[in-house]
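All remarks here apply to the structure that follows.
By convention here, the first residue in the shown sequence is residue 1. Since we're looking at a predicted model, the values are computed, not measured. Reckoned from all heavy atoms, side chains included, excluding hydrogens, waters and symmetry mates. Whatever order the structure lists ligands and atoms in, that order sets their numbers, starting from 1.
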Amino acid sequence: MDTITLGQVTVTRVREYFGSVDMTPGTFFPESPEEVWKPWLTPHFLDASTNMVNSAIQTWLLRSEGKTILVDTGVGNHKERPYAPVWSRLETDFLANLARAGVAPEDVDIVINTHLHIDHVGWNTYLDGRNWVPTFPNATYVMPKDDFDFWNPENGHQPRLGRGNQNVFEDSVAPVHKAGQTLLWEKGHQIDADLRLDAAPGHTPGSSMLTLTSGSDRAVFVGDMLHSPMQIVEPDCNSCFCEDPAGARATRREVLGWAADNGALVIPAHPDGHGAVEVAREGDTFAVKGWAPFDPYTERS
Ligand SMILES: [Zn+2]
C-alpha cells in the first residue's frame, strides 16, 4: 500500500531514493546510545550488516479539497553538490514515480517545503538547458520565511551544517522565487480547511510542521524533526544536522507530546519501514504505539 486516507485527505508516498546515506548511527546521531539501535530498528532503519543508517528520500503527495499538494521535494536530478557527494548529480526516476501516482508536473497546485535543506527542495526545479526552472509550473511554493532568510547566501549566515547546503538556495529556491511562485509565510499559514502550517524551529530556524485535521483523523508531517524512530524513545537525541540543538529537542518533545495526546499519526520526511508512526507517552519519553500501513521499500536505490 502506498496511499492512506485520513478524513477527506489522501496521503501517498512517492519515492525518490532508499538506502544508505553513508552514515553510522554514531555519526548521524552522535548523542544516541549504541544499545538503542538493536534489534528493533533493523532492518528498515538500520542495516545491521554494514552498521549504516537507512534513509528514504520521498515526497508526501496529498490530495485535499481538489488540490494536489506535495510535501517536500527531495534531492532532485543533476544538482552539483560538492560537499554532499551522495546527493550530487543524481539521476533518479522520481518524476516517473510521481506520474505512476497520477500526477504530472503541471497538475501540482501547492508545493510545501517544510524547511530548505538540500534533500527537501531539490525537485523544486529541474535543469532546462543551462537554467534551473520550476518543475511545477502552476504551483505555489510555500516556504517558511525564516528559512528563506537563513539560507539566502546574501544574508551571510554561517550554518552549523557548514557548506552542506552549498548551491541549494541558488539552484532550488531562488529560481522559483524569481518566477514569482513563492509564498513566504511567518508564524503560521492555513493551506485549506484541513491543513495548517506552523513553526517547529530547531532543526533549522524555519523548520515547520504541517498538521492535518480532517473528520476524526489527525496527522502531523514533521519534516526532519524526527529523522529516525529512534528519536521517539530517545527524544533528546538530535541528528548532526540540527542547527539549534536545544530548540530541536524542545520542539521534538512538544510535538511528540501533542501527537501522543491527540492520537495523531506522525509522518516524518525520511524513515523507511511503514513510513509513519503512532506514538504514546511512556514516563518522561515516548514509545511506538503502532505503524501506518505503508509497505516498506524492498529495493535500494
Ligand atoms: Zn532531510
### Message
Looking at D224 and R252, is there a salt bridge between them, counting it only when a charged N and a carboxylate O are closer than 4.0 Å?
### Response
no
### Message
At a cut-off of 2.8 Å, what protein N/O/S atoms sit near the Zn ion (ligand 1)?
### Response
D119 OD2, H120 NE2, D224 OD2, H270 NE2
### Query
What class does the angle between the rings of H227 and F29 fall in, given that below 30° is parallel, 30 to 60° is tilted and above 60° is perpendicular?
perpendicular
### Task
Ignoring hydrogens and angles, state whether a donor on the side chain of D119 or H270 is under 3.5 Å from an acceptor on the partner side chain.
yes
### Message
Does H115 form a side-chain hydrogen bond (donor to acceptor under 3.5 Å, both in side chains) with T204? I'd like the steps, not just the answer.
### Response
CA-CA 7 Å; H115 62 294; T204 64; 5.2 Å; no
### Message
Applying the side chain to side chain contact (heavy atoms under 4.5 Å, CB included) criterion to M143, which one of V176, I112, L197 satisfies it?
### Response
V176
### Query
Can you check whether W258 and F286 have ring centres sitting under 6.0 Å from each other?
no
